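In this chain, numbering begins with 1 at the start of the sequence shown. Heavy atoms only: backbone and side chains are in, while hydrogens, waters and symmetry mates are out. Please read all numbers here as calculations on a predicted model, not as lab measurements.
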Amino acid sequence: QVQPVQSGGGSVQAGGSLRLSCAASTYPRSYFCMAWFRQAPGKEREGVASFWTGNSRTDYADSVKGRFTVSRDNTNNTMHLQMDSLKSEDTATYYCATGPGALRGNSAICSLFSEKYNYWGQGSQVTVSS
């Protein structure tokens, strides 16, 4: 199954934590990018974090640096987004996506622009109350 399958999310008070998971068992390349995006009502989709499966390189949006951590469990090809110190402005529908990345030598740049991704998960709601 190429399309990622998401799990997790929910509701929490500000300052709390939640975790999202994204299972992507197949992709048409050996190494690829996995990323998290979010979209709040009335706003554009925003890139949150990315992960290159080749060397586990990660990148984060400034708005979540130091609070969110992306990781991958290679035993079951599942990416996780650990969200700590949540704020009300983190409330959104979160999407997992996979894409080819831009190769740079032995690594790759995983963009936080949604246009660079081919396959998308079904979305998970995250609600943070203040």
Student: Checking the side chain of Ser50 only, and the main-chain atoms of Cys110 only, is there a donor and an acceptor separated by less than 3.5 Å?
Tutor: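 Judged by distance alone, yes, a pair lies under 3.5 Å.
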Student: How long is the gap from OG on Ser63 to CG on Asp90, to the nearest 0.5 Å?
Tutor: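 Rounded to the nearest 0.5 Å, the OG-CG separation comes to 7.5 Å.
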Student: Going only through I, L, V, M, F, W and Y residues with side-chain contacts under 4.5 Å, is there a path from Phe32 to Leu81?
Tutor: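 They do share one cluster, since a chain of ILVMFWY contacts under 4.5 Å joins Phe32 to Leu81.
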Student: With a 3.5 Å distance limit and no angle check, can you tell me whether Thr78 reaches the backbone of Asp73 through a side-chain donor-acceptor pair?
Tutor: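 Not at all, since once roles are kept as given, no pair shorter than 3.5 Å links the two residues.
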Student: Does the side-chain contact (heavy atoms from CB on, under 4.5 Å) test come out yes or no for Tyr60 and Thr69, once each step is laid out?
Tutor: CA-CA 8 Å; Tyr60 297 91; Thr69 303; 3.9 Å; yes
Student: Compute whether any side-chain donor of one residue and acceptor of the other, for Asn77 and Tyr27, lie under 3.5 angstrom apart.
Tutor: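 Result is no, nothing qualifies.
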Student: Do Trp36 and Val2 share a hydrophobic cluster, counting only Ile, Leu, Val, Met, Phe, Trp and Tyr and linking them when any side-chain heavy atoms are less than 4.5 Å apart?
Tutor: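 Yes, one cluster joins them.
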Student: Closest heavy-atom contact between Thr53 and Ser30?
Tutor: OG1-O, 4.3 Å
Student: Quick check against the 3.5 Å criterion: does Glu46 have a side-chain atom that pairs as donor or acceptor with the backbone of Phe37?
Tutor: no
Student: Return the CZ to CG distance between Arg29 and Leu103, rounded to the nearest 0.5 Å.
Tutor: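 Rounded to the nearest 0.5 Å, the CZ-CG separation comes out at 6.5 Å.
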Student: Just grab all the side-chain hydrogen bond (donor to acceptor under 3.5 Å, both in side chains) pairs involving residues 13-24, residues at least two apart or on different chains.
Tutor: Ser17-Asp84, Ser21-His80
Student: Less than 4.5 Å apart, side chain to side chain, heavy atoms only: is that true for Tyr94 and Cys22?
Tutor: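 A side-chain contact is absent here, since even the closest heavy-atom pair is not under 4.5 Å.
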Student: Of all heavy-atom pairs between Ala61 and Gly47, which one has the smallest distance, and what is that distance?
Tutor: CB-O, 3.4 Å
Student: Between CZ of Arg72 and OG1 of Thr58, what distance do you get to the nearest 0.5 Å?
Tutor: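 Reported value, rounded in 0.5 Å steps: 13.5 Å.
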Student: State, to 0.1 Å, how close Ser88 and Ser130 come at their nearest heavy-atom pair, and which atoms those are.
Tutor: CB-CB, 4.3 Å
Student: Verify, without hydrogens or angle tests, whether Gln6 (side chain) and Gly123 (backbone) share a donor-acceptor contact under 3.5 angstrom.
Tutor: yes
Student: Give a yes or no on whether Val126 and Met34 share a hydrophobic cluster (residues Ile, Leu, Val, Met, Phe, Trp, Tyr; joining criterion: side-chain heavy atoms under 4.5 Å apart).
Tutor: yes
Student: State, yes or no, whether a side-chain contact exists between Arg38 and Leu20 at a heavy-atom distance under 4.5 Å.
Tutor: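 No. Closest side-chain heavy atoms not under 4.5 Å.
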Student: I need the full list of side-chain hydrogen bond (donor to acceptor under 3.5 Å, both in side chains) pairs touching residues 95-117, with sequence neighbours left out, sorted by first then second residue.
Tutor: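 Matches after skipping sequence neighbours: Asn55-Ser107.
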Student: Going hydrophobic residue to hydrophobic residue with side-chain gaps under 4.5 angstrom, can you get from Ile109 over to Met79?
Tutor: no
Student: Can you name the nearest heavy-atom pair linking Pro100 to Asn118, along with the distance?
Tutor: CD-OD1, 3.1 Å
Student: Would a distance-only check, ignoring hydrogens and angles, find a side-chain to backbone donor-acceptor pair under 3.5 Å from Arg57 to Trp52?
Tutor: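 Answer holds: no.
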Student: Determine the minimum heavy-atom distance between Phe68 and Val48, stating which atoms define it.
Tutor: CD2-CG1, 3.6 Å
Student: Would a distance-only check, ignoring hydrogens and angles, find a side-chain to backbone donor-acceptor pair under 3.5 Å from Thr91 to Val128?
Tutor: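 Pair found, side chain donor or acceptor close to backbone of Val128.
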Student: What I'd like to find out is whether the side chain of Phe51 reaches to under 4.5 Å of the side chain of Cys33, using heavy atoms alone.
Tutor: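 The answer is no; the side chains never approach within 4.5 Å.
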